[in-house]
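Below: one structure, written as structure tokens.
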Amino acid sequence: MTAAVFNTVPIFAQRANGAIVEDVDGNRLIDLAAGLAVLNTGNTPPEVVEAVAAQAERFTHTCFHVVMNEPYVELAERLNRLTPGAHAKKSMLVNSGAEAVENAVKVARYRTGRQAVVVFDHAFHGRTLLAMSLTAKVMPYKQGFGPYAPEVYRLPFSYPYRCPAGASPDACGEACAEHAIMEMTKHIGAQNIAAVVVEPIQGEGGFVVPGQGFLPALKDYCLQHGIAFVADEVQTGIGRTGRWFGIEHEDVVPDVIATAKALGAGLPLGGVTAPAEWMDQVHVGGLGGTFGGNPIACAAALASLDVIERDGLVERAARIGDIAMERLREIADAHEVVGDVRGRGAMVAIELVEDRTTKEPAAKASSRVIEECYREGVIVLKAGTFDNVIRLLPPLSIDEGLLLEGLDVLDKALTAATA
């Protein structure tokens, strides 16, 4: 297998259940990664397994362009109801987050008749050509894969711990919004912008929660100038942050929402939801794909959404966040290497630094922490533009005792990695 397809933990899974992964050697690890924010209902929930098996017995594939199937329609209708806003909506289904983002941009460009797309520092939107062009970090995501898609413009994101505007954490949102609006007005031209594409919390960029007021100000600007506000909810969506969608924390109703990851509960699936008028405006055949909305994946998604609603997992994500943030703040008090603790719901992180005054990123320490956690039986992930963020993405169904056990291991790993 090519080394270009990187893996974090050097094991092969034999089986997994809930928040436990067992490898081929019989080792059992606490999963605080959830397959990269995919397994919000945990691994192999019985309801999802049964739904997949039942659908596979009926039929495995039709291609919606050839023969329609009910799971596709039912899931699209479910997304229309769950996503923010009381307006009439329609959804289309795809295979992945990158594909969802690319189709969101297509819908925005078709609706507005414009081409420019505004994105932000530290953003990650996928690995296909347009999505990769929207992504900020060069290595490993973009290096050697150019030229990139044109008409993509990048602006500073509100990053309170490292505010690009030089403002305090409390003032960072307003200051960065003011700068972004000025740049869009003066250097791009509002009349040329089809979409502003933004993650409500930046994922690969380091779980950066924007400063207060940043996203609402951008949404207001978009509304004033006929620009589509696109929320990339691939990592933040489906209950992960303690709301169904991360953007809801900002009291913002996006024009277009891209979903994936946890939507399919472990099967490849993504979605694009937009106002019905916008979706219907696109010419017949303009959207779609051979495998988009595969019936087995849709069956898994519907079963997983049922579990989330039945078990109150959105509210449980908020509870997980309270527990994790409290423990992580204790860890920060005990370890000088922890410069910042941040996140929402079950999407939390610590940023490691060599010095709390200079905030020099501690990338090597982060790598050592990941390895120490693995050796002690806990799966965690790294993130951040500077490779210095440890991110936690536990299943929303994780037992609280298991979560705390995993956090204790993280505490010990920080001691070992910085000794």
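Basis for what follows: all heavy atoms, side chains included, without hydrogens, waters or symmetry-related copies.
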Would you list the atom pairs, donor with acceptor, under 3.5 Å between side chains in residues 288-307 and any protein atom, with sequence neighbours excluded?
| residue | atom | partner | partner atom | Å |
| --- | --- | --- | --- | --- |
| Asn294 | OD1 | Ile296 | N | 2.9 |
| Asn294 | OD1 | Ala297 | N | 3.2 |
| Asn294 | ND2 | Thr60 | O | 3.0 |
| Ser304 | OG | Thr41 | OG1 | 3.2 |
| Asp306 | OD1 | Arg78 | NH1 | 3.4 |
| Asp306 | OD1 | Arg78 | NH2 | 2.6 |

Taking the side chain as everything from C-beta on, heavy atoms only, tell me whether [X] gets closer than 4.5 Å to [Y].
X      : Y      : result
Lys106 : Asn103 : yes
Pro46  : Glu50  : yes
Leu29  : Ile11  : yes
Asn95  : Leu269 : no
Ile390 : Val338 : no
Val21  : Ile379 : yes
Phe245 : Ile238 : yes
Thr259 : Val234 : no

Quiz question: by atom type and distance under 3.5 Å, do the side chains of [X] and [Y] form a donor-acceptor pair?
X      : Y      : value
Gln281 : Arg111 : yes
Thr135 : His125 : no
Tyr72  : Thr62  : no
Glu99  : Thr128 : no

Minimum heavy-atom distance [X]-[Y], with the two atoms named:
X      : Y      : result
Leu155 : Ala180 : CD1-O, 3.7 Å
Ala108 : Ala194 : CB-O, 4.0 Å
Ala16  : Asn43  : CB-ND2, 3.3 Å
Arg154 : Leu134 : NH1-O, 2.9 Å
Gly246 : Thr241 : CA-OG1, 3.6 Å
Ala37  : Gln235 : CB-CG, 3.7 Å

N/O donor-acceptor pair under 3.5 Å between [X] side chain and [Y] backbone:
X      : Y      : result
Lys382 : Ser366 : no
Asn40  : Ala262 : no
Arg342 : Val348 : no
Asp399 : Gly401 : yes

Would you give me the side-chain donor-acceptor pairs under 3.5 Å for residues 195-208, sequence neighbours excluded?
| residue | atom | partner | partner atom | Å |
| --- | --- | --- | --- | --- |
| Glu199 | OE1 | Phe124 | N | 3.1 |
| Glu199 | OE2 | Gly203 | N | 3.1 |
| Gln202 | NE2 | Asp121 | O | 2.8 |
| Glu204 | OE1 | Tyr141 | OH | 3.0 |
| Glu204 | OE1 | Arg391 | NH2 | 3.1 |
| Glu204 | OE2 | Arg391 | NH1 | 3.1 |
| Glu204 | OE2 | Arg391 | NH2 | 2.9 |

Please indicate whether [X] has more than 12 foreign heavy atoms, meaning atoms of other residues, nucleotides or ligands, lying under 6.0 Å from its [atom1].
X      : atom1 : result
Glu354 : CD    : yes
Gln14  : CD    : yes
Glu22  : CD    : yes
Met68  : CE    : no
Glu183 : CD    : yes

Which distance, rounded to the nearest 0.5 Å, do you find between the [atom1] of [X] and the [atom2] of [Y]?
X      : Y      : atom1 : atom2 : answer
His225 : Ile193 : NE2   : CD1   : 8.5 Å
Thr112 : Asn192 : OG1   : CG    : 10.0 Å
Leu75  : Glu77  : CG    : CD    : 10.0 Å
Asp31  : Leu392 : CG    : CG    : 11.0 Å
Ile320 : Arg316 : CD1   : CZ    : 5.0 Å
Ile20  : Asn17  : CD1   : CG    : 9.0 Å

Do the charged groups of [X] and [Y] touch, with an N to O distance under 4.0 Å?
X      : Y      : value
Arg162 : Glu351 : yes
Asp255 : Lys89  : no
Lys90  : Asp280 : yes
Glu250 : Arg344 : yes
Glu47  : Arg310 : yes

Begin with the C-alpha distance, continue with both residues' side-chain angles, and end with the deciding distance and a verdict on side chain to side chain contact (heavy atoms under 4.5 Å, CB included) for Leu263 and Leu79. CA-CA 10 Å; Leu263 178 63; Leu79 284 171; 4.0 Å; yes

Name all pairs fulfilling the ring-ring contact (aromatic ring centres under 6.0 Å, His included) condition that reach into residues 75-119, sequence neighbours left out, sorted by first residue then second.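 Listed once each, the pairs are Tyr110-His283.
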
Salt bridge (Lys or Arg N to Asp or Glu O under 4.0 Å) partners of residues 285-299, not counting sequence neighbours, each pair once: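 For residues 285-299: none.
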
List, one per line, each side-chain donor-acceptor pair under 3.5 Å for residues 143-152, sequence neighbours excluded.
| residue | atom | partner | partner atom | Å |
| --- | --- | --- | --- | --- |
| Tyr148 | OH | Lys142 | O | 2.9 |
| Glu151 | OE1 | Tyr153 | OH | 3.2 |
| Glu151 | OE2 | Tyr153 | OH | 3.4 |

Once salt bridge (Lys or Arg N to Asp or Glu O under 4.0 Å) is applied, do any residues pair with Arg81, and if so which ones, sequence neighbours excluded?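 For Arg81, no residue satisfies salt bridge (Lys or Arg N to Asp or Glu O under 4.0 Å) once neighbours in sequence are set aside.
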
Give the intermediate values and the outcome of salt bridge (charged side-chain N to carboxylate O under 4.0 Å, His left out) for residues Glu233 and Lys261. CA-CA 9 Å; Glu233 292 272 4; Lys261 288 191 181 291; over 6 Å; no

For Phe157 and Phe214: C-alpha separation, side-chain torsions, deciding distance, then whether ring pair (Phe, Tyr, Trp, His ring centres under 6.0 Å) applies. CA-CA 9 Å; Phe157 189 79; Phe214 179 68; 5.3 Å; yes

Hey, mind stepping through Ser91 and Asn80 against side chain to side chain donor-acceptor pair (under 3.5 Å) and telling me if it holds? CA-CA 7 Å; Ser91 296; Asn80 296 341; 2.7 Å; yes

Before giving the answer on side chain to side chain contact (heavy atoms under 4.5 Å, CB included), spell out for Leu32 and Leu403 the whole-Å C-alpha distance, their side-chain angles and the decisive distance to 0.1 Å. CA-CA 8 Å; Leu32 299 185; Leu403 172 64; 4.2 Å; yes

